[in-house]
Amino acid sequence: MCNYELLASHTKKITEQSILNQVDYAIAELAPLHELKYLVITSGGSFMDDYEVPHNVRIQIAEKLNKAGLKSLSFESEAKFLLHENKLKEFKGAFKGQISVGIGLESKNDFIRNIMLNKSLTRSLFERTAKKLSNLNYKYYSYVLYGKPFLTELEDIEDTVSTIMYSYRHGVSMSVIEVVNIQPYTLTHYLWERGDYKTASLWGPIEVLRRLPLEIARGISIKNIEADDIEEKPLDFAKTCSKCNDIIIRRIREWNYTRNINIINELLNFPCNCYIEWKKTELSKRSTLTIEERTSKVYFKIMNELGI
C-alpha cells in the first residue's frame, strides 16, 4: 500500500499558500489542461480531510482547475470525510467538470478490513458514503487490497473478487486492485523481515480478473506492481519468476491502459512453469485454523517478541 509518511514533511510547515503555489506550478507545467482526459490531485491521504487540505484551499484549487479548462478531476479520500454534503456541493459548484473519488475499501470482510488491516471503516459507512456521492452526482471508485497478510492465496483471490463485486453493487464506476508491496515501518515489513510474510504472486490479481464477469473486469486496474517516480521505492514487490516477471509487469501495464481482455487471456496461456506450479501449490493450500485464529496467533507472537 502507499506509505505517505515517507513523503511527508515532518519539519517544514506547509502553508495554505504553498499548497496553492504547487497547484499553480502544476497548471503551468501541464497546460493546456483542456487537452487532458483527467487529472488526479492527491494530498497525504484524504483530499477532503480539512486537516490535510483546508476547505477554503480546496475550493480555490477547484476554481483554478476549472478556470484552466480541466474537464475531469479525481482525488482520494477516506469515506468518513465524504459525508459533509455542503462541502461536497460547494466543491462541485467550484469545479464544473466530472469529479471522481477513490475510496479505500480494501476488503468486504469486516474482520479483514478492520482487524487485520486496521482500516476503521464499517460497511455501513462505506454504503452511506456511496449513496451520498451518488445523490450528488459524484463518480466514485474503490481500492481493493491484494496480498493481505494471514490469508492463503486462494482466500485472498476469493476475498478480492467478492469485494469488487460488492463495490459494484454499491455503484462504483471502477475498482483498483492495490497489490501489497513492502513499505518500511509497517506490519507487513515486520513480518516479511522475519519470514512470516511473503509478497504475493502477480498471477493472483490476474486470476482475480479471470474470475470476474467480463463487463466488470474491464473496469479493473492493477496498481503498485512497480516503483514510480514519486514514492520511495518499496523494499519488495509482488512477482512471478525471473524468467517471466518483467513480461508480466509489462503486460499488466498494457492492460491498465487498454483493458483489452486478450492480454489477460494470453497471460493465462503463458508458457511459464511458474504459473503451473503456482496453480498447483499456492491455490491448493488450506489452513486448519480460521482466519481469526491465524491472525490472533501471529499478533500474540509479535507481542511476545516485543515484550508487550
Side-chain angles (χ1 to χ4, degrees), residues 1-8 38 40-53 58 73-84 87-88 91 99-134 138-151 156-157 159-183 185-189 200 204-205 208 216 219-225 228 230-232 234 238 256:
M1 296 175 71
C2 306
N3 195 346
Y4 286 118
E5 281 192 2
L6 300 180
L7 297 174
Y38 68 93
V40 177
I41 186 164
T42 184
S43 58
S46 291
F47 184 66
M48 293 299 288
D49 180 359
D50 291 345
Y51 182 76
E52 292 185 32
V53 183
R58 276 199 303 271
L73 171 65
S74 178
F75 59 81
E76 300 174 15
S77 180
E78 286 187 70
K80 64 185 178 184
F81 299 118
L82 295 167
L83 294 174
H84 304 288
K87 290 180 179 180
L88 290 169
F91 187 84
I99 304 173
S100 60
V101 186
I103 305 171
L105 175 60
E106 318 310 348
S107 173
K108 171 190 172 185
N109 184 291
D110 291 330
F111 183 86
I112 293 174
R113 185 177 59 258
N114 290 328
I115 304 301
M116 287 171 48
L117 303 178
N118 195 30
K119 191 70 182 181
S120 299
L121 170 65
T122 63
R123 268 188 292 178
S124 63
L125 175 56
F126 177 81
E127 292 168 12
R128 282 164 49 214
T129 299
K131 186 174 182 180
K132 176 77 68 178
L133 292 172
S134 178
Y138 275 76
K139 283 193 170 185
Y140 49 98
Y141 55 97
S142 63
Y143 286 99
V144 181
L145 198 65
Y146 187 84
K148 308 172 194 75
F150 316 123
L151 300 186
D156 206 2
I157 289 168
D159 180 74
T160 303
V161 169
S162 67
T163 302
I164 290 171
M165 296 301 293
Y166 166 80
S167 298
Y168 270 78
R169 287 196 299 273
H170 289 280
V172 300
S173 58
M174 58 173 279
S175 287
V176 179
I177 299 175
E178 284 199 296
V179 184
V180 172
N181 51 45
I182 304 300
Q183 299 280 0
Y185 316 114
T186 59
L187 173 62
T188 46
H189 179 211
V208 170
I216 291 180
I220 310 301
S221 60
I222 301 172
K223 186 181 175 184
N224 289 351
I225 61 172
D228 60 34
I230 300 174
E231 298 180 23
E232 294 284 334
N256 287 339

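Being a predicted model, the structure only gives us computed values, none of them experimental. All heavy atoms count here, side chains included; hydrogens, waters and symmetry mates do not.
In this structure a side-chain-to-backbone donor-acceptor pair under 3.5 Å is missing from S175 to Y143. Panel note: side chain D156, backbone L151; no donor-acceptor pair is recorded below 3.5 Å. With hydrogens and angles disregarded, a donor-acceptor distance shorter than 3.5 Å links the side chain of T163 to the backbone of K108. Side-chain atoms of S46 never come within 3.5 Å of backbone atoms of M48 as a donor-acceptor pair (strictly under, hydrogens ignored). Between the side chain of N114 and the backbone N or O of L121, at least one donor-acceptor pair lies under 3.5 Å. Formation of a donor-acceptor pair under 3.5 Å by the R113 side chain with backbone atoms of K119 is not found in this model. Side-chain N or O atoms of T129 include one that pairs as donor or acceptor with a backbone N or O of A79 at under 3.5 Å. Using modelled atom types, one side-chain atom of Y138 and one backbone atom of L88 make a donor-acceptor pair closer than 3.5 Å.
To the nearest 0.5 Å, atom CD1 of residue I164 and atom CD1 of residue I216 are 8.5 Å apart. Separating the CD atom in E178 from the CD1 atom in I225 is a distance of 12.5 Å, to the nearest 0.5 Å. Separation of atoms CZ (R58) and CD1 (I41) is listed at 11.0 Å; rounding is to 0.5 Å. A distance of 8.5 Å separates CE of M174 from OG of S142, quoted to the nearest 0.5 Å. Going from atom CG of N109 over to atom NZ of K148 covers 9.0 Å, rounded to the nearest 0.5 Å. Here I177 contributes atom CD1 and T160 contributes atom OG1; the two are 6.5 Å apart, rounded to the nearest 0.5 Å.
Using a 4.5 Å cut-off on side-chain heavy atoms (C-beta onward), K139 and I99 make no contact. Looking at heavy atoms from C-beta onward, E106 lies out of side-chain contact with Y146 at the 4.5 angstrom threshold. For the pair F126 and I103, the minimum side-chain heavy-atom distance is below 4.5 Å. Put simply, the side chain of L117 reaches to within 4.5 Å of the side chain of P149, judged on heavy atoms. Side-chain contact check for E76 versus F47: every heavy-atom pair is 4.5 Å or farther apart. By the 4.5 Å heavy-atom criterion applied to side chains, L133 and L82 are counted as neighbours. Under the 4.5 Å side-chain criterion, counting only non-hydrogen atoms from C-beta, P205 is in contact with I222.
Of all non-hydrogen atoms in G45 and E52, the two that sit nearest each other are N-OE1, 3.1 Å. Taking every heavy atom of both residues into account, I157 and G204 meet most closely at CG1-O, 4.0 Å. Across all their heavy atoms, N224 and V179 have their closest contact at CB-O, 3.2 Å. Taking each heavy atom of S43 and V53 in turn, the nearest pair found is CB-CG2, 3.8 Å. Shown here for V176 and K223, the closest heavy-atom pair between the two residues is CG1-CB, 3.7 Å.
Taking a cutoff of 4.0 Å between a charged side-chain nitrogen and a carboxylate oxygen, K80 and D49 do not qualify as a salt bridge.
Ring centers of F91 and F75: under 6.0 Å apart, within the cut-off.
With hydrogens and angles left out, the side-chain atoms of N256 and S221 include no donor and acceptor closer than 3.5 Å.
For the side-chain contact (heavy atoms from CB on, under 4.5 Å) with L125, the qualifying choice from E127, R128, R123 is R128, the only one to do so.
Around atom CZ of F111, more than 12 heavy atoms belonging to other residues, nucleotides or ligands sit under 6.0 Å away. Annotation for K87: atom NZ counts as buried by contact number, over 12 foreign heavy atoms lying within 6.0 Å.
Remark: S74 engages V40, S100, Y141 in a side chain to side chain contact (heavy atoms under 4.5 Å, CB included) (not counting sequence neighbours).
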